Every structure is written in structure tokens, then in C-alpha cells.
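Since the model is a prediction, treat every value here as computed from it, not as a measurement. First the proteins, then the strands, lettered A, B, ... as listed; each starts at 1. These values consider heavy atoms only, across backbone and side chains, with no hydrogens, waters or symmetry-generated copies.
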Number of protein chains: 2
Amino acid sequence: MILSKSCEYAIRATVYVALKSRKNEKTGIIEVAGAIGSPMHFTGKILQTLVHKKILLSAKGPTGGFYVENGQDLFLIDIVRAIDGNDLFTSCVLGLEKCSQTQPCPMHEQVKPIRDMLMAEFSKKPVTELVEEFHKHKYFLK
Amino acid sequence: MILSKSCEYAIRATVYVALKSRKNEKTGIIEVAGAIGSPMHFTGKILQTLVHKKILLSAKGPTGGFYVENGQDLFLIDIVRAIDGNDLFTSCVLGLEKCSQTQPCPMHEQVKPIRDMLMAEFSKKPVTELVEEFHKHKYFLK
DNA sequence: ATAATAAAAGATATATTTGTCTTTTATTAT
DNA sequence: ATAATAAAAGACAAATATATCTTTTATTAT
């Protein structure tokens, strides 16, 4: 697995929330979980985390729900870092504590460019683009 | 994490076993765990699995231990598949069940070439090369 | 044959991730 | 003010991954 299940849910949930936000609608846990096919309460926890990490905004009470600031540029890398941290892009592929550029593990040189590319792809992918592609190509979220 | 901890141990353990095999020596659980800095009993389980999957050979009793057939060409991908399976290279990065070439998820096109490259690197890396590099460059296994 | 050795196997324990349920808090509309 | 709504928070449960310990089985050397 490249991303944790939590992180997969987080990305899909954020895209759905952004989707609704573009129509100036807030959306709730039940709706999000239904839309992306994830366990409801668990999704609630993840959304909560995303709010803490400033990826999403939320409002309590009637007319409340989750939403994104429509102007902000939000990239997939932000969500990945918020949920899984940065380890995917930095920690040694063979699990060696002291692996580094100066003291590389046997796979370091082979893997570094690949994970850099992965980071680049997540970094240059705005959530808005996923939203647009969702509409254009009938992408699905579950 | 790209690979599970078990898989990291498995690769490092296999390299160490191959290292000893080149000197026609068998090695035991305690020695392997010491050499790669892994929990002993857990390492035993992993070595056991590697034997089942024909990655390693083993012999019981005095003078016994783990070893590799010196002629066989064994690649890192074989170890990865034996322990973690093939999901790393195939399962959808956003966790969508039906994601495929014909019905791709929003990240499919971006991620596919990257994971193909990763698979290629593991596929073309023989364990013997890690052994040689270990000797040449003073690579470490823990 | 016997004792010693080392892997195999099985049972159990701990940690982490994933998932569920209940209670509390804040907000809105009436 | 009150009731309804929805997120926040906390406690709990299940599943999986990681780790440990004990017993069994096969092999070797004596």
C-alpha cells in the first residue's frame, strides 16, 4: 500500500467536500461517507483531523457541515502529509535508520528518484483539478 | 511506508543469508537477527515464510541453518511478492475497487508509470548485487 | 542409541490501524 | 428559551501487523 486507508478516504472525502463547496454547499459526515463508500464514524474522525490540519473547515449545528475555502489552493500532498506524514517520501525503503544521501542503503539511489516523482505528482495535483476531472470524465469516488 | 516492516526485514535477512552462502556457510536465526537488527523470533517467522516461498533453503539440526542455492538468480521483487504480495504495484492509490486502465481514478495516469518504475527497479535488482555492493561500499544491514 | 543443535510449529502478547457507538458541545431556527 | 441539528470528543471493539515464548520435529555428532 502506498497510502494508508485513512489517507485514501481523506483524499476522496476532501474531493467530495470541495465538489459541494463549489456549489456553496456544506456537507455532513453521513453524506460524505455515502458518497465515497467509507465507514461513517471512521470518516467522521478523518474529517475531524482534516479540520485540525486546516485542510477543511467545519460548522456545527443546522446548516453546518464541512466545506473548503473556495479560493485556497489545496494540493493532494497537503492531505497526504496531514494524514500519513512525510515518511512515504523520506524513510528508507529497507528500513535502515541511518540511510541517507551520504550513507545510502543498497536501494537508495534507485528508489530516491521514484519517490521524488511521486511527491512531485502529489504536489502538483490541486484538489480542484480532481473536482473538474470528476465532472468531465465521470470519475468516481467509491 | 512503501514496504511492510516484515518485508524490510525479509530483504535484509535474505541479503545476509546470501552473503554467508557465498562463503558456503549456513546461518541461524540468532545470527541473522543480530546482523540485521531485527527481533529474533519475528525474524524466525519471516525466514520460515521465505523457505515456504522457495526464496531460501533451510536445514535442521547441528550444522543446519538458512542458505540460498548459490546458482539461482533471485531478485528483490521475488522477496517483495513473497511477503507483501503484488498490491503495491497494482492496487488503486485512492483505494477505489474498480479503478483500472479503462476506468481510471483521478490519479491513475500519474501514478501508474511511477509504480511501474518501482517494480522495474525491484525486478532488475538481484540479491547478489546487494551482496557485492555490501562488500564494496561497506553498506550496512541495520 | 543419546545428547545437542537448530528450524518448524503453535500459542500467546503487544501495538497499530481501522471501525463503531455514545455523549458532549456549539449553532441554528423556531 | 427551546428543540433540532451536526460536528467534536471520548470510550470501546475488531482486525491486522508486529513481537515473544514454548513445544515439537528433524538432523547431526558423539
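In this entry the distance linking CE of M40(A) with C1' of dA6(D) reads 11 Å, nearest Å. In this structure, the NZ atom of K20(B) is 13 Å from the P atom of dA6(C), given to the nearest Å. If you take NZ of K26(A) and C1' of dA8(D), they are 17 Å apart, rounded to a whole angstrom. The distance from atom CD of Q48(A) to atom P of dA6(D) is 17 Å, rounded to the nearest whole Å. The separation between F42(A) atom CZ and dA11(D) atom P is 18 Å, rounded to whole Å. Distance I46(A) CD1 to dG19(C) C1': 10 Å, rounded to the nearest Å. Distance CD1 (I29(B)) to C1' (dA19(D)): 14 Å, rounded to an integer number of Å. The distance from atom OH of Y67(B) to atom P of dA6(C) is 15 Å, rounded to the nearest whole Å.
No hydrogens or angles considered: nothing links the side chains of H108(A) and Q103(A) as a donor-acceptor pair under 3.5 Å.
The partner of dT14(C) is dA17(D), judged by Watson-Crick or G-U wobble contacts that both fall below 3.5 Å. Under the Watson-Crick or G-U wobble criterion, with both distances below 3.5 Å, dT28(D) is paired with dA3(C). With both pairing distances under 3.5 Å, dC12(D) is matched to dG19(C) as a Watson-Crick or G-U wobble pair.
A close approach under 4.0 Å does occur between a side-chain nitrogen or oxygen of S6(A) and OP1 or OP2 of dT18(C). Contact annotation: T63(A) does not reach the phosphate of dA6(D) (side-chain N/O to OP1 or OP2, under 4.0 Å). Of the side-chain N and O atoms in H52(B), one or more sit less than 4.0 angstrom from OP1 or OP2 of dA9(C). Contact annotation: Y9(B) side-chain N/O to dT18(D) OP1/OP2 distance is not under 4.0 Å.
DNA chain C is contacted by both K45(A) and G64(A); K45(A) maps to the nucleotide lying nearer its 5′ end (nearest heavy atom per residue). The nearest heavy atom of DNA chain C to K60(A) and to P62(B) marks one nucleotide each, and the one closer to the 5' end goes with P62(B).
Within the nucleic acid shown, I30(A) has no heavy atom closer than 4.0 Å to any nucleic acid atom. Among the protein residues, T43(A) comes within range of no part of the nucleic acid, since none of its heavy atoms lies under 4.0 Å from any strand. Counting non-hydrogen atoms under 4.0 angstrom, T49(A) reaches nothing in the nucleic acid. Residue contacts for L47(A): at a heavy-atom cut-off of 4.0 Å it reaches no nucleic acid atom on any strand shown.
Considering CG of L74(B) and OG1 of T128(B), their distance stands at 8.5 Å, rounded to 0.5 Å.
With dA8(D), dT18(C), dA8(C) as the choices, the nucleotide that has an atom nearest any side-chain atom of S4(A) turns out to be dT18(C).
In the displayed structure, Q72(B) atom CD is contacted under 6.0 Å by more than 12 heavy atoms of other residues, nucleotides or ligands.
Of all non-hydrogen atoms in Y16(A) and T27(A), the two that sit nearest each other are CE2-OG1, 3.7 Å. Closest approach of V17(A) to Y67(A), counting heavy atoms only: CG1-CA, 3.4 Å.
The closest side-chain heavy-atom distance from L94(A) to Y139(B) is not below 4.5 Å.
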